[in-house]
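Below is one structure, written out as structure tokens; comments come after it.
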Amino acid sequence: YGMWFWFNGVFHYVILIFGALVSIRSIIESQQQRPETSIWIIAGIALPLLTNILYLLPLSFLRYKDFTPIAFAVTGVFFFVGVFWQRMLQIVPKARNLVLNTMQQGVLIFDTGGLLVDYNPMAAEQLGIRETHVGRRVRDIPNLRDIMANHEHDVSQAFESELMLGNEFRHYDVFVRPVRDTANAAIGSVLVISDVTLRMKLMEDRMKLAAETQRANDELKETQMRLIHREKLASIGQLSAGLAHEMKNPVSFLQSNLRVLRRKLESLGARYAVDLPDSEIREIREVLDDSEDGFSRILTVVDNLLQFSRTGHDAEKQLYDLNRGIETTLQISKSLMNASGPISVVKEFGDLPKIRAYPGEINQVILNLLTNAIHALRNLLGEEGRIVIRTWADDDFEYCRISNNGPPIDPELMEEIFEPFFSTKESGQGTGLGLSIARDIISGRHGGTITVSSDRME
């Protein structure tokens, strides 16, 4: 047959057997339960080989009859059945590549040695991965090294990372998963990197919007409560002013009549001094003095009430005497002091010029502070309550300090004391708006400042 005959035969059979083994191995590794595919391929390999062997053997009935070409033809049919009819060559690898290439996440594949072996286009776009990076480790790939800092590439994990690209921070969700074969042996790892920068920005914007909405709601609620409170004060002020005005006229009329009566009685007393005992004359004079003193006190209270009630958020600023406003407010709060136990008031008034202000609102602030001071002195044991009011002025401002010898304020509450609806009083005894309204009146309406300290007063 010659040398080339045997070389050609061996060459074809080696290629045939090697290709068949590769196909069978692919079937086994694919974990697809199709043993008939392997049977068709093995039969296709064995048929021409067996036919050729029979031809070479000295068998009389096959001598000089070579069926090898026919066997190869039948082998082609067997391979067609095994490969195409049994669907050994499926399009799954192409589908997987298509999915990887169109994914919105970067995918990077590493072997067991930690070398990059493959990546998809999104990884190239997100991290600048190039062909020159294939075969390199994570630490040798700049952007990937920054994302994977302090994290292993072959340990199952999920974490967040960020990277400075250009002039902005990019945020990423990173998932690492080891890859194992059918025998559960590690053959590499897969990194899936998702750029979530836009989602993070949307979340931040939503959080900011929610915070702004909550702040606007709180401000709206606070403003609403303040307006309601002011309307109540304005209504009370109008009612008090009307009541005081109605009381002042008849009381002034009675006081005037009392003075006329006093003159008449004194004239009659001088005429009938001989007939009236001195004791009765003194008694009449004491009654008249007490009555006139009573009328004077009523008129003083009425005047203070009229002075205090001059308020309203639509009122214009007027010249205001701070010391007089304090005196007026003290008269209004005298009954509350008397009901709270023995409380002494020390007034240290400085020489103050008049300022332009809303008198009723300033009086309301003073009343709120005095009310808080009086409430703080209710629980003193064995000690007389004392309130000290001091006023002074410099070239730019007038100052008023109201202090008491009650228990100090908890330092943890100092930052919240001016917040709306914050109160240390029992439920039903306060709205928590007094100091908030006071701050609004002093800071917002008059451009001043109001502060609190908790030093023990000696």
Side-chain angles (χ1 to χ4, degrees), residues 25-26 28-32 90-218 411-412 415-416:
R25 180 185 176 186
S26 174
I28 295 173
E29 289 183 349
S30 67
Q31 300 181 2
Q32 297 174 355
Q90 296 187 10
I91 63 169
V92 173
K94 294 183 178 179
R96 289 175 179 170
N97 289 337
L98 181 62
V99 171
L100 286 175
N101 291 337
T102 57
M103 285 179 63
Q104 296 301 310
Q105 293 80 27
V107 179
L108 301 99
I109 302 173
F110 293 84
D111 63 11
T112 54
L115 302 179
L116 177 65
V117 295
D118 199 4
Y119 61 92
N120 69 344
M122 186 54 67
E125 180 180 337
Q126 289 179 347
L127 305 177
I129 304 296
R130 298 291 180 265
E131 288 290 342
T132 55
H133 294 138
V134 175
R136 296 187 182 183
R137 300 183 184 276
V138 172
R139 62 174 178 269
D140 299 326
I141 304 175
N143 291 335
L144 186 60
R145 177 185 60 225
D146 296 336
I147 288 180
M148 295 294 295
N150 303 322
H151 295 279
E152 298 294 334
H153 75 281
D154 55 355
V155 178
S156 181
Q157 57 186 314
F159 58 91
E160 296 179 357
S161 185
E162 58 183 17
L163 179 67
M164 188 68 179
L165 287 180
N167 296 324
E168 66 173 344
F169 270 106
R170 309 295 297 183
H171 300 272
Y172 301 94
D173 285 341
V174 183
F175 300 89
V176 183
R177 293 291 181 271
V179 179
R180 300 183 180 276
D181 60 12
T182 55
N184 202 32
I187 59 174
S189 58
V190 175
L191 271 68
V192 180
I193 301 177
S194 302
D195 190 335
V196 294
T197 305
L198 180 59
R199 186 177 71 189
M200 294 292 292
K201 289 182 178 179
L202 290 176
M203 290 178 60
E204 291 177 359
D205 292 341
R206 288 178 181 176
M207 292 177 64
K208 290 180 180 178
L209 180 60
E212 291 175 357
T213 302
Q214 183 62 39
R215 183 166 57 252
N217 288 337
D218 292 342
E412 296 180 357
E415 295 182 0
E416 303 179 68

Do side-chain atoms of [X] reach the backbone of [Y] as a donor and acceptor pair under 3.5 angstrom?
{"X": "H133", "Y": "R130", "result": "yes"}
{"X": "E152", "Y": "Q157", "result": "no"}
{"X": "D146", "Y": "L163", "result": "no"}
{"X": "T112", "Y": "G188", "result": "no"}
{"X": "N120", "Y": "Q105", "result": "yes"}

Which atoms form the tightest heavy-atom contact between S156 and R177, and what is the distance?
OG-NH1, 3.5 Å
Identify the two heavy atoms, one from R199 and one from D173, that lie closest to each other, and give their separation to 0.1 Å.
NH2-OD2, 2.7 Å
Does atom CE of M207 have more than 12 heavy-atom neighbours from other groups under 6.0 Å away?
no
Between [atom1] on residue [X] and [atom2] on residue [Y], distance to nearest 0.5 Å:
{"X": "R170", "Y": "L198", "atom1": "CZ", "atom2": "CG", "answer": "8.5 Å"}
{"X": "R137", "Y": "R145", "atom1": "CZ", "atom2": "CZ", "answer": "14.5 Å"}
{"X": "L100", "Y": "M122", "atom1": "CG", "atom2": "CE", "answer": "12.0 Å"}
{"X": "E125", "Y": "Q104", "atom1": "CD", "atom2": "CD", "answer": "8.0 Å"}
{"X": "I141", "Y": "L108", "atom1": "CD1", "atom2": "CG", "answer": "7.0 Å"}
{"X": "E204", "Y": "K208", "atom1": "CD", "atom2": "NZ", "answer": "6.0 Å"}

Quick one: does [X]'s side chain get under 4.5 Å of [Y]'s, heavy atoms only?
{"X": "V176", "Y": "V155", "value": "no"}
{"X": "L144", "Y": "I193", "value": "yes"}
{"X": "L116", "Y": "R136", "value": "no"}

With side chain to side chain contact (heavy atoms under 4.5 Å, CB included) as the test, pick out the partner of L191 among F175, F110, Y119.
F110
Going by side chain to side chain contact (heavy atoms under 4.5 Å, CB included), K201 matches just one of R206, E168, H171. Which one?
E168
